[in-house]
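Right, one structure below, let's go through it.
The analysis underlying the following values was restricted to heavy atoms, covering all of them including side chains, and did not include hydrogens, waters or symmetry mates. Chain letters run A, B, ... following the sequence lines, proteins first and then strands; every chain starts at 1.
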Amino acid sequence: MSGVTKSSLVDVELVVNGEPRHARVEPRRMLAELLRDDLALTGTHLGCEHGVCGACTVLLDGEPVRSCLVLAVQARDQEVTTIEGLATDAGAGIDGMHAVQRGFLESISFQCGFCTPGFLMTTLAFLRERAANGSPAPPTDDEIRTALSANLCRCTGYQSIVDGVRRAAELMAESGVA
Amino acid sequence: MERLVGTRVTRVEDPRILSGRGRYVDDLQLPGMLHAAFLRSPFPHARILGVQAIAARSAPGVALVLTGAEMAERTLPFQLIGPETVHCPPQTTLATDKVRLVGDPVAIVVATSRAAAEDACELIEVDYEELPAVGTMEQALDETRAPIWDDLGSNVAGREHYVHGDPDAAFAGAARVVRERFAQSRQAHVPMEGRGGIADFDPASGRLTYHSAWQGIAMTRFTLASLLQMPVHLVTVINGDIGGSFGQKSFVRSEDVSIAVASRILGRPVKWIEDRTENLAVAGHAREESLDVEAAVDADGTIRAVRIKVVLDQGAYTMSVIPSTLFTNIMRVMFPSAYRIRDLEFDATIVFSNKATYTAYRGPWEAETWVRERLIDCIAHELDLDPVEVRRRNLLRDDEMPCPMVTGPTLSGITLRSALDKAERVADYAGFRAEQAAARAEGRYLGLGVATFIEAAPGPPDYGPAIGFAVPPERATARLEADGTLTVHTAQAPHGQSHETTLAQVAADALGVPMNTVRVVHGDSRTSPFSMMGTGGSRAATVATGAVLGATREIRSQVAAVAAHLFEANPDDIDIVDGVAQVRGTPAVAMPLAQVAMTAWMAPQFLPPGMSPGIEAVFDFSSGEGGWTQSVHSCFVEVDVETGFVKILRYVVVEDCGDVINPAVVEGQIRGGVTQGIAGVLYEHAAYDEDANFRASTFMDYLLPTATEAPVIEIHHVDQTVRTDEVNSRGVGEGGAIGAPAALTNAIEDALLPFGAVVTDQYLPPSKILELAGVIPTD
């Protein structure tokens with residue numbers, strides 16, 4: 001193993017995208033590594049590994065976290081949602097997409113796609129929080145930009161991503177589903 | 001059928017990317033795969049006296065350690081064949097005798113995990129003898145300084161000198177000479193995905209499969225084979241999705257070669273994924289140039305002649321595929337732009353320093369636009385003229401086209417004066433001047449900056465000879481599959497440019513089929529057409545489009561031949577509508593493409609005499625006479641002279657890139673480029689100290705703009721293409737980053753004119769703004 005004896009490995013039980021999962025990992029293993037390397041959920045990307053770029057953002061019990069800064073053991077017995085868990089019906093292609101995915105699709109928000117998982121999860125958390133707070137009005141561009149300021153994109157200049165969040169908010173409002 | 005070209009078709013790439021099913025190189029896990037890490041130099045410049053790797057070799061999980069000397073026994077060094085004017089030293093795969101920058105790789109460790117490999121790197125002991133480092137351009141030009149390349153004797157890699165026209169005569173008769181020294185700072189490309197690769201050598205067959213994330217498949221394959229001394233036919237290179245590049249991932253580097261060697265020794269796949277610190281420190285930088293400029297001008301602002309002396313800091317090593325003189329040559333060739341500059345003297349000096357390699361970055365010649373557009377504002381201020389008027393006075397009129405630039409390439413279809421008029425109208429320069437005056441009365445400092453430029457995207461046929469770089473034709477291949485669907489192979493290696501979408505739009509329209517029956521395939525040396533360039537140079541909009549269009553038309557004519565034969569009709573009378581071949585005027589005589597294709601592939605006895613089975617095409621495209629994208633950028637700012645913060649109030653791009661294939665893709669390219677250009681002025685600095693220690697190795701130090709800093713960017717397309725060419729789409733990948741530094745720095749200077757500010761540095765953090773405003777003393 002990776003420079004450690006088997007006995008120093010620790011068990012981590014958690015729920016990922018609604019499914020109970022288990023992994024035996026080094027104590028120093030990060031949640032992002034657990035997701036990508038142990039559970040083969042490679043939709044979560046690592047862009048800086050020091051907590052700035054936000055590409056690795058996932059939801060931990062509904063709250064956005066940087067999975068490059070969270071130890072795998074810290075996610076024990078918690079619920080993790082990743083980009084792979086977004087689609088309402090993964091088998092239905094575009095028709096099965098979540099409103100956030102659909103908003104970004106329709107707005108042609110992204111280019112290289114590497115930062116995308118983080119923006120999706122940040123947006124989901126942002127729009128859910130607004131819904132939970134009963135915010136009736138659609139988010140303003142300023143609100144959207146503030147919400148997105150924890151994530152870096154190098155390709156787009158952000159404008160198309162802001163468009164995508166605005167569209168996602170409309171779609172969520174139309175469907176009544178957060 | 002509605003045409004797809006010109007519409008905002010949603011992206012083919014997005015269903016996978018938005019569901020986390022993209023396949024970036026780090027997503028690939030191969031059976032038995034090992035992981036590599038590199039031990040890197042902590043010193044800018046030092047002699048390697050010895051490397052002790054015994055402890056690392058026996059560390060837990062370690063499969064292989066190779067020092068620089070051991071690697072050198074197994075690989076050829078990188079050796080750029082450059083022009084005689086510039087010294088291109090060989091670069092060993094890993095450092096052997098000396099380290100020449102912070103981050104220079106000294107050894108590779110391969111282990112069962114990346115963590116184990118990194119742990120073992122810590123156990124390698126290197127005995128260094130520190131040497132004086134070159135951290136600034138002045139040090140590099142100082143002939144008494146110890147050379148980074150011992151055999152060179154100094155740190156000047158080369159010089160080139162060019163004279164176009166008769167600048168001496170023009171200067172002798174000039175009413176005024178305007179002089180300034182300008183400096184650009186180091187900027188990094190910063191793709192969100194760093195570099196990486198997986199080498200998978202199969203000892204049984206002797207074949208190497210390299211899973212890469214490079215901008216060119218053929219170049220990667222050829223270079224790896226050469227340096228590993230392997231036959232090319234045994235090397236396969238495969239790209240997956242690529243998380244951005246901006247020029248950084250355009251050539252094979254030490255790490256690629258090293259993991260290929262490791263895989264060949266171990267007979268197992270070896271993965272290397274760069275971390276952000278490595279990416280910022282060693283993956284490549286650009287833009288570090290100083291430029292002394294003088295212009296001979298008339299009292300009315302007419303520019304008679306320009307002299308430029310540029311010094312380019314290329315770092316310790318040269319790019320292995322491009323001599324740095326190519327960058328200065330493009331600066332020279334492009335400098336006149338569409339202005340009536342007939343006399344130009346240009347002097348370029350390339351220097352070595354103990355820094356990262358100067359690497360082609362989004363508009364690598366951008367300094368020509370920045371310096372020219374800054375110079376024009378300086379001329380206007382010195383002569384008390386309006387900067388827009390000075391531009392208008394010097395820009396060639398639309399009816400003067402076509403005409404040659406003094407540096408060689410032919411200008412045709414340039415309508416920058418009309419574009420400038422349009423920019424003045426839509427951005428309301430006059431209204432802003434009134435607003436600016438009112439604001440100044442209140443102690444608020446607003447500014448307007450304008451910049452114009454043209455971009456060779458891909459440029460006319462005489463552009464390549466002018467810059468000394470042969471631009472090859474672009475190939476595409478296509479096959480109508482037996483079920484009537486179309487597979488198109490492009491030589492592009494997209495990394496965000498949406499070619500799977502835009503080229504499918506082009507092909508679907510050309511064949512007359514729905515877009516979901518077209519698939520664009522790229523990034524596999526087994527099937528991709530050969531191209532040493534891959535994706536780069538804002539060429540794809542023209543050349544990949546032209547190649548795909550040509551190949552698809554050839555498919556269409558074969559379909560027409562088969563259908564006509566089956567229908568006993570004339571091939572010229574065959575239409576293809578929505579995937580059905582039919583006889584024009586007799587729609588009842590029709591056959592789905594599937595049936596035509598099935599016949600061609602599986603029942604060749606029904607084909608016209610002499611026709612080969614199947615429907616396939618190869619097409620080579622060379623671009624036509626035009627090839628220029630043109631643009632006017634207008635930037636409005638407010639400068640806070642207490643904090644030094646610059647707020648961009650409005651940013652307007654007036655752009656002519658010909659036929660737009662997908663407006664969303666074009667706008668995305670422009671906005672992304674503008675944002676990078678703005679960031680190079682306000683936020684980003686790949687800083688070194690005077691001793692060449694790197695100071696920007698995390699995102700806490702190297703600041704990228706977020707959604708709260710990036711402005712809204714308005715785009716107004718003007719299309720004044722003179723339609724002489726078959727393909728009238730032109731590239732926009734680089735222009736945004738070329739125009740933005742000029743427009744923004746001009747705006748900042750305009751805002752600070754009451755303080756007598758003259759902006760000569762491109763990088764303007766708040767402290768520099770406060771210096772310009774006279775709030776704090778000049779550093």
Please flag which part of H45(A) lies under 4.5 Å from any non-hydrogen atom of chain B: side chain, backbone, both or neither.
-> side chain

For T675(B) and G157(A) the tightest heavy-atom approach is OG1-CA, 3.2 Å

Please flag which part of F114(A) lies under 4.5 Å from any non-hydrogen atom of chain B: side chain, backbone, both or neither.
-> both

Candidates L86(A), I83(A), L105(A) - the one meeting side-chain contact (heavy atoms from CB on, under 4.5 Å) with L18(B) | L105(A)

Would you mind checking which part of Q669(B) comes under 4.5 Å of any heavy atom in chain A, side chain (CB onward), backbone (N, CA, C, O), both or neither?
-> both

How far does CZ of R21(B) sit from CD of E84(A), to the nearest 0.5 angstrom?
-> 8.0 Å

Of the backbone (N, CA, C, O) and the side chain (C-beta and beyond), which part of L120(A) lies under 4.5 Å from a heavy atom of chain B, both, or neither?
-> side chain

Is a donor on one side and an acceptor on the other found under 3.5 Å between the side chain of R276(B) and the backbone of G47(A)?
-> yes

Selection from T10(B), V62(B), L28(B) maximising heavy-atom pairs under 4.5 Å formed with chain A | T10(B)

What closest approach, in Å, do T706(B) and S149(A) show between heavy atoms, and which atom pair accounts for it?
-> CG2-O, 3.6 Å

State whether the side chain of R145(A) and the backbone N or O of A710(B) hold a donor-acceptor pair below 3.5 Å, judged by distance alone.
-> yes

Provide the closest heavy-atom pair for C53(A) versus M192(B) in the form atom of the first, atom of the second, distance.
-> CB-CE, 3.5 Å

Part of Q159(A) within contact of chain B (heavy atom distance under 4.5 Å) = side chain

Examine distances only and state if a side-chain atom of R8(B) and a backbone atom of E106(A) form a donor-acceptor pair shorter than 3.5 Å.
-> no

Cut-off 4.5 Å, heavy atoms of chain A, and the answer for F699(B) is both

Rounded to the nearest 0.5 Å, how far apart are CD1 of I108(A) and CD of E13(B)?
-> 10.0 Å

Name the region of V674(B), side chain, backbone, both or neither, that has any atom closer than 4.5 Å to a heavy atom of chain A.
-> neither

Let me know if D37(A) has heavy atoms under 4.5 Å from chain B in its side chain, its backbone, both or neither.
-> both

Salt-bridged, R28(A) to D119(B), with N to O below 4.0 Å?
-> yes

What one should report as the nearest heavy-atom pair of R154(A) and A188(B) is NH2-O, 3.1 Å

Nearest atoms (heavy-atom pairs only) where D275(B) meets E49(A) | CB-OE2, 3.7 Å

Could you state the interatomic distance from CD (Q676(B)) to SG (C155(A)), rounded to the nearest 0.5 Å?
-> 8.0 Å

